[in-house]
Amino acid sequence: MVLLDNDGFLLGLTKMFQNNRTAGSVIITLKKYDGRTTRGKPTTPADNLCLLRATDSKKKLSTVVSNKEVTKFQMSYATLLRGNMDSLKKHDKSKERKERKRKDM
């Protein structure tokens, strides 16, 4: 797992989306981060932090976003997601309609 700064994470995520455009998937997780690197007693951080992780089958990326940088990061992250969500497959509703008709009969 590679811990990057916020801009490096966004660049790496862009490359990851481009590499998996035709086949593959990118998994992104977000969780609250308390600053611990090992298991132990939970600490109370002075700053609220978020840990973002992105992975495909080959590469893993992560970054920590503080509450001071969250607005700027969120705007860049939303723009990145909007730009890379165009290769999603359209949901096929015809199969669902056929199944509903079978159940109704």
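- The distance from atom NZ of Lys32 to atom SG of Cys50, rounded to the nearest 0.5 Å, is 8.5 Å.
- Using a 4.5 Å heavy-atom threshold, the side chains of Phe17 and Leu81 count as touching.
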Exercise for the section: Output, in order, the C-alpha distance, side-chain angles, deciding distance and verdict of side chain to side chain contact (heavy atoms under 4.5 Å, CB included) for Met16 and Leu61. Expected result: CA-CA 10 Å; Met16 202 178 280; Leu61 303 172; 3.6 Å; yes

Practice task
List the steps, then state whether side chain to side chain contact (heavy atoms under 4.5 Å, CB included) holds for Asn48 with Ser66.
Solution key: CA-CA 6 Å; Asn48 290 326; Ser66 68; over 6 Å; no

Check residues 72-80 and write down every donor-acceptor pair under 3.5 Å in which the side-chain atom is one partner and the other belongs to a residue at least two apart or another chain.
from: Ser76; atom 1: OG; to: Lys72; atom 2: O; distance (Å): 3.2
from: Thr79; atom 1: OG1; to: Met75; atom 2: O; distance (Å): 2.9

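- Side-chain contact between Leu13 and Asn84 is absent, with no heavy atoms from C-beta onward closer than 4.5 Å.
- Under the 4.5 Å side-chain heavy-atom criterion for grouping Ile, Leu, Val, Met, Phe, Trp and Tyr, Met85 is connected to Ile28 within one hydrophobic cluster.
- Residues passing the side-chain hydrogen bond (donor to acceptor under 3.5 Å, both in side chains) test with Glu96 are His91, sequence neighbours excluded.
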Name every donor-acceptor pair, under 3.5 Å, that has one atom in a side chain of residues 51-58 and the other anywhere in the protein, sequence neighbours excluded.
from: Thr55; atom 1: OG1; to: Lys59; atom 2: O; distance (Å): 3.3
from: Asp56; atom 1: OD1; to: Lys58; atom 2: N; distance (Å): 3.1
from: Asp56; atom 1: OD1; to: Lys59; atom 2: N; distance (Å): 2.7
from: Asp56; atom 1: OD2; to: Asn20; atom 2: ND2; distance (Å): 3.1

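- Among residues two or more places apart in sequence or in another chain, the side-chain hydrogen bond (donor to acceptor under 3.5 Å, both in side chains) test is passed with Ser94 by Asp92.
- Residues that satisfy the side-chain hydrogen bond (donor to acceptor under 3.5 Å, both in side chains) test with Asp7, not counting sequence neighbours, are absent from this structure.
- Listed by chain and number, the residues in a side-chain hydrogen bond (donor to acceptor under 3.5 Å, both in side chains) with Glu69 are Asn6 (sequence neighbours excluded).
- Interatomic distance, Phe9 CZ to Ser62 OG, rounded to the nearest 0.5 Å: 7.5 Å.
- Of the possible polar contacts, one joining the Thr63 side chain to the Leu4 backbone as a donor-acceptor pair under 3.5 Å is found.
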